[in-house]
Amino acid sequence: MNIVFDIGNVLVAWDPRAAFRDAFDNDTEIDCFLADVGFFEWNLEQDRGRRRAEAVAAIAGDWPAQAALLDGFFDRFHLTIQHKIAGTWAIMERLRARGFRIFGLTNWGPDTWPVALEMHPQLGEAFEDVVVSGHEGLIPQREIFELLCRRNLLSPSDCFFVDDSKKNADGARAAGWQAHHFVGPGGLRQDLTERGLL
């Protein structure tokens with residue numbers, strides 16, 4: 001079995017609010033701001049490969065007063081990924097010790113992935129191969145799962161995907177993979193144990 005890990009909120013906690021706490025009084029205000037500007041939809045386009053300048057131009061068209069704040073998100077991105085999820089790293093290392101091949105497949109933008117590697121150098125060493133959506137112009141859908149298999153000569157039925165997004169886990173299953181919807185290391189450990197992998 002080949003074990004494929006998503007990274008954000010599986011191996012590294014992602015807290016987008018952290019990039020905006022200097023500009024707002026509390027997290028409730030930040031949540032309202034993120035909802036108003038459609039932050040998560042906007043950020044998804046970076047995961048699909050859109051670069052910083054184009055992203056800022058896109059937000060300026062609808063929210064010109066907020067363009068500078070969202071431009072600064074890229075400079076403050078390191079604040080959003082400060083903490084590893086230690087339990088998942090421990091599981092990954094146990095799987096590696098048992099001889100399983102370890103891969104990464106993640107939604108991540110091309111301008112922020114280098115920040116992740118700088119903040120957490122282990123990400124550059126942990127995987128036999130890692131597919132970054134922003135580099136490929138693909139978010140998790142059938143094509144990106146097929147890309148990882150093709151690039152590494154893997155059979156879909158021999159791949160097990162761990163992702164905090166149920167939609168992405170379901171997408172992996174639709175591509176012929178096995179998958180786990182991650183909500184915490186404990187649940188992942190139980191699932192792997194029940195499958196005889198851990």
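This structure is a prediction, so every number in the text was calculated from the model and none was measured.
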Can you tell me if [X] uses its side chain to pair, donor with acceptor, with the backbone of [Y] under 3.5 Å?
X	Y	answer
D158	N2	no
E136	V132	no
R21	I30	no
H180	L192	no
R151	V130	yes
R189	I91	no
E29	D25	yes
Q82	L79	yes

Kindly give the heavy-atom pair with the smallest separation between [X] and [Y], and that separation in Å.
X	Y	answer
F161	D6	CE1-N, 3.9 Å
V10	T88	O-OG1, 2.8 Å
P110	G49	CG-O, 3.8 Å
G104	V4	C-CG1, 4.1 Å
F145	A175	CB-CB, 3.9 Å
F74	A55	CZ-CB, 4.1 Å

message: Would L69 and R76 count as a side chain to side chain contact (heavy atoms under 4.5 Å, CB included) here? Give the steps.
response: CA-CA 10 Å; L69 186 56; R76 296 185 299 275; 3.5 Å; yes
message: Suppose the criterion is side-chain hydrogen bond (donor to acceptor under 3.5 Å, both in side chains): which pairs have a residue in residues 58-73, not counting sequence neighbours?
response: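 Residue pairs with at least one partner in residues 58-73: R52-D71.
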- prompt: Looking at the rings of F160 and F100, which for Trp means the six-membered one, are their centres under 6.0 Å apart?
  reply: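 No - the distance between ring centres of F160 and F100 does not fall below the 6.0 Å cut-off.
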Please report the interatomic distance [atom1]([X]) to [atom2]([Y]), rounded to the nearest 0.5 Å.
X	Y	atom1	atom2	result
L188	M92	CG	CE	11.0 Å
L44	N107	CG	CG	6.5 Å
H78	T112	NE2	OG1	13.0 Å
W14	T80	CH2	OG1	7.0 Å
D111	D75	CG	CG	10.5 Å
N152	D129	CG	CG	4.5 Å

task: Name all residues meeting the side chain to side chain contact (heavy atoms under 4.5 Å, CB included) criterion together with S165; count only those two or more places apart in sequence or in a different chain, and write none if there are none.
output: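 Counting only residues at least two positions away or on another chain, S165 forms a side chain to side chain contact (heavy atoms under 4.5 Å, CB included) with D163, K167, N168.
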- request: For E118, enumerate each residue passing the side chain to side chain contact (heavy atoms under 4.5 Å, CB included) test, keeping only those at least two apart in sequence or located in another chain.
  value: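 So E118 forms no side chain to side chain contact (heavy atoms under 4.5 Å, CB included) with any residue.
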message: F127 vs F5, test: side chain to side chain contact (heavy atoms under 4.5 Å, CB included). Steps then yes/no.
response: CA-CA 9 Å; F127 310 109; F5 285 90; 4.3 Å; yes
I'd like to know if [Y] and [X] are part of one continuous hydrophobic network [Ile/Leu/Val/Met/Phe/Trp/Tyr, side-chain heavy atoms within less than 4.5 Å].
X	Y	value
F182	I144	no
L198	W89	yes
L117	V12	yes
V131	I102	no
L105	L123	no

field: Parallel, tilted or perpendicular: rings of F20 and F73 (30°, 60°)
entry: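 Rings of F73 and F20: parallel, under 30°.
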- prompt: Is the number of heavy atoms from other residues, nucleotides or ligands under 6.0 Å of D36 CG greater than 12?
  reply: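 Yes, because the 6.0 Å sphere around CG of D36 holds more than 12 heavy atoms from other groups.
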message: Using side chain to side chain contact (heavy atoms under 4.5 Å, CB included), reason through L70 and F39 one step at a time and then give a plain yes or no.
response: CA-CA 9 Å; L70 285 161; F39 171 83; 3.9 Å; yes
Could you work out, with salt bridge (Lys or Arg N to Asp or Glu O under 4.0 Å) as the rule, every residue matching [X], not counting sequence neighbours?
X	value
E93	R96
R17	D27, D31
E146	R142

- prompt: Hey, are the side chains of Q178 and R195 touching, using non-hydrogen atoms and a 4.5 Å cut-off?
  reply: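 Heavy-atom side-chain distance check passes, below 4.5 Å.
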message: Walk me through whether W177 and L154 qualify under side chain to side chain contact (heavy atoms under 4.5 Å, CB included).
response: CA-CA 11 Å; W177 293 28; L154 307 178; over 6 Å; no
